[in-house]
Enquirer: 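What follows is a single structure, and I will ask about it in a moment.
In the text below, chain A, chain B and the rest are named by the order of the sequence lines, each starting its count at 1. These values consider heavy atoms only, across backbone and side chains, with no hydrogens, waters or symmetry-generated copies.
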Amino acid sequence: MTIFDILHETYSAIFANKVRSGLTMLGIVIGISSVIAMLSIGQGAQNSIQSSIQSIGSNLILITPGAQRGPGVQISAGRGSAKTLTLEDVTAIQQQATNIKAIAPEVSGRYQVTAQGQNTNTTITGTVPDYQSVRNVSIAEGTFITDQNLQAGSKVAVIGPNVRDDLFGVDVDAIGKKIRINKVDFTVIGMTVAKGGSGFGSQDDLIWMPLSTAQRLLSGDEYVTTISVQAPDSNSSAGIQAQITDILTTKHNIKNGVLDFSVLNQADIAATATSITQIFTILLGSVAGISLVVGGIGIMNMMLTTVTERTREIGLRKAIGARNKDISLQFLIEALMLTFIGGGIGIILGWLISFLINYFGLIATQVSWFSIILSFTVSAVIGIVFGYYPARRAAGLNPIDALKYE
Amino acid sequence: MIDVKNITKIYDPDANAFLALDGVSFKIEDGEFVAIMGPSGSGKSTLMHILGALDTPTTGTYFLDGKDVSSLTDDELADIRRDKIGFVFQSFNLLPRSTVLRNVMLPLIYSGVGEEERDRRAREALHASGLDETHFTHLSNQLSGGQIQRVAISRALVNNPSLILADEPTGNLDSKTGEIVLGTFQKLNKELGRTIILITHEPDVAEHADRIIVIRDGKITEDRKNHKKKDAVLELAKINSLKQ
């Protein structure tokens, strides 16, 4: 008996009972499509979080002031806990830390910005030219802050595309125009490329100016709010993180171990986010997997019914010379065919669900080859596992009893 | 050639043992048309199962074409049925969802005959049993009782078996259709030299054969040449004339 003959038998058996075969397949369709859709949502969430993290720069170490305070011990209470980092810290790190690629201090705060009668409220960041490479800022038009701007304390600003849209309108050339912040006019010298992403705050709704200008005209003191340090690669960032902690602990003369600053490593953030989304994906996938198992039991149920119904057919086939192997293969292939067709439809449906979620902008889903291969394999395994017992039962029927069966 | 020697069959040997066949022996030469007759419970079905390699005897030997069939495994028995025996049953002879041609081909499919060859042989067998070509592509549940039996006979023929075994083939048919089916057997026996064993409980049916073996309570009580053999063609003419 060739495989073509078996497929012919299977085809006619499945189509003889269209409704029942269809409903049985539906179980597999739902199972497979939900596995694919859930994994694609998980993958999409992971990608979007990763790209948000990557959009703030690569191999970054962020130093922020006074995140930790011990109970009963107020650190620098007189100056306020958020103001512990200065440019001297930056210099100390530059001089003492080995192997850092770049360092960019910044001072930022939210201000009302006006231009040509329009106004917006956004984050103003005073920083240095190195910021551009440390934080992956690409310039679409004009230039970023230069060393000259920094030394002169120029009243210039680089704006994000969202700020341009809010203040001047979409696609308007903003270079050379004036914006007013805190009663001071600034000249726009550049605009950044749109980055998208939202996870860690939009990178497009920002204004940058020279650090010296921001300290003098906006914050009014010499503190910085964040120091970004770039490590040459992801392997060395943990070592640099430790060095910086040591340097600043010594510099700030901290003896009781309660730090007035915190050092965050981007690799740690990324790893944490990845492990969270992975758990989330596994959770979604296993819920979908349960429905797949239920679908498989549906297949087994149908096959057992079929074997009982077709007892006389099995008897006849045996009487005219079918071996046990021929019978069991026929029923096994029938179960496999149901799961394969169900699996195929499920993959298409799952992909469609994922596409629609993407299309309506809920989350940027991504169907991976892995999930397709996984669900195809799983449906094949389900067909074999849940088809095996009914097939064995069919093959084991005694031809005389099967022929007498009413 | 069929050589049955001292066959016994005991069902349920441990608890309430039932002796279905008790020392049955006979020989059937190639080309014979034999009827095995007996009332229900006589053991003729058990004998049919053993002759058809669906079952094996408890003791005794059964040689089919010189091969001992009485002690084979399930798969070996399946191969014997496939290659050497053609069955015609009383009912449920055909797969309802398949066409006539496909049904006749089925034994060839199991013996792995190629597609063109099996189509040719199936058509040949259908012609031999006298089924009209227009029915070849019909589904078997669109046929009448007599047509179904003739398709079943074609299927029994298609593998060129040593033996055609018919179990009450006219049991579900009216007498006219029954004569047509019996006529098909007589024609196959006379013209193609097929060995045919007809199992029946009706003496009328048995009398279409050349030889009648009567079985009762698991023993052969009679094994005789049939001197008043009925010719199905004449019988059919008789029935038709009675109706008019």
Enquirer: Going by an N to O cut-off under 4.0 Å, is there a salt bridge joining A/Asp326 and B/Arg82?
Expert: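 No, A/Asp326 and B/Arg82 are not salt-bridged.
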Enquirer: Do A/Arg317 and B/Leu95 have side-chain heavy atoms sitting under 4.5 Å apart?
Expert: yes
Enquirer: Give, as side chain, backbone, both or neither, the part of B/Leu94 having an atom under 4.5 angstrom from any heavy atom of chain A.
Expert: backbone
Enquirer: Above 12 or not: heavy atoms from other molecules or residues under 6.0 Å from CZ of A/Arg312?
Expert: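 Yes - once you tally the heavy atoms of other residues, nucleotides and ligands closer than 6.0 Å, there are more than 12.
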Enquirer: For A/Ala322 and B/Ala78, which heavy atoms make the closest approach, and how far apart are they?
Expert: O-CB, 3.7 Å
Enquirer: Can you check whether B/Arg155 reaches A/Leu316 side chain to side chain, under 4.5 Å on heavy atoms?
Expert: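 Answer yes - side chains close enough.
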Enquirer: Taking everything shown except A/Tyr388 itself, do over 12 heavy atoms lie less than 6.0 Å from its OH?
Expert: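 For A/Tyr388, atom OH is not crowded (no more than 12 foreign heavy atoms under 6.0 Å).
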Enquirer: Can you confirm whether B/Tyr11 is buried at OH, in the sense that more than 12 heavy atoms of other residues, nucleotides or ligands lie under 6.0 Å from that atom?
Expert: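 More than 12 within 6.0 Å, yes.
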Enquirer: Is it the side chain or the backbone of A/Phe4 that comes within 4.5 Å of chain B heavy atoms, both, or neither?
Expert: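 For A/Phe4, side-chain heavy atoms alone lie under 4.5 Å from chain B.
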Enquirer: Between A/Glu9 and B/Arg97 (salt bridge meaning N to carboxylate O under 4.0 Å), is one present in this structure?
Expert: no
Enquirer: Is A/Asp5 close to B/Arg102 at the side-chain level, that is, under 4.5 Å between some pair of heavy atoms?
Expert: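 Side-chain contact under 4.5 Å: yes.
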Enquirer: Determine whether more than 12 heavy atoms belonging to other residues, nucleotides or ligands lie under 6.0 Å from atom CG of B/Asp217.
Expert: no
Enquirer: Is the number of heavy atoms from other residues, nucleotides or ligands within 6.0 Å of NZ (B/Lys187) greater than 12?
Expert: yes
Enquirer: Does CD in B/Glu133 sit with more than 12 non-hydrogen atoms of other residues, nucleotides or ligands closer than 6.0 Å?
Expert: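 Result for CD/B/Glu133: enclosed.
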Enquirer: Strictly less than 4.5 Å between heavy atoms, which residues of residues 43-58 of chain B line up against chain A? Please order them by number.
Expert: B/His49, B/Leu54, B/Asp55
Enquirer: What are the two closest non-hydrogen atoms of A/Gly321 and B/Tyr110, and how far apart are they?
Expert: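 In terms of heavy atoms, the two residues are closest at O-CB, 4.2 Å.
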Enquirer: Side chain, backbone, both or neither: which part of B/Asp74 has a non-hydrogen atom closer than 4.5 Å to chain A?
Expert: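 The side chain, not the backbone.
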Enquirer: First locate atom NZ of A/Lys318, then atom CZ of B/Phe87, and finally report the distance between them rounded to the nearest 0.5 Å.
Expert: 13.0 Å
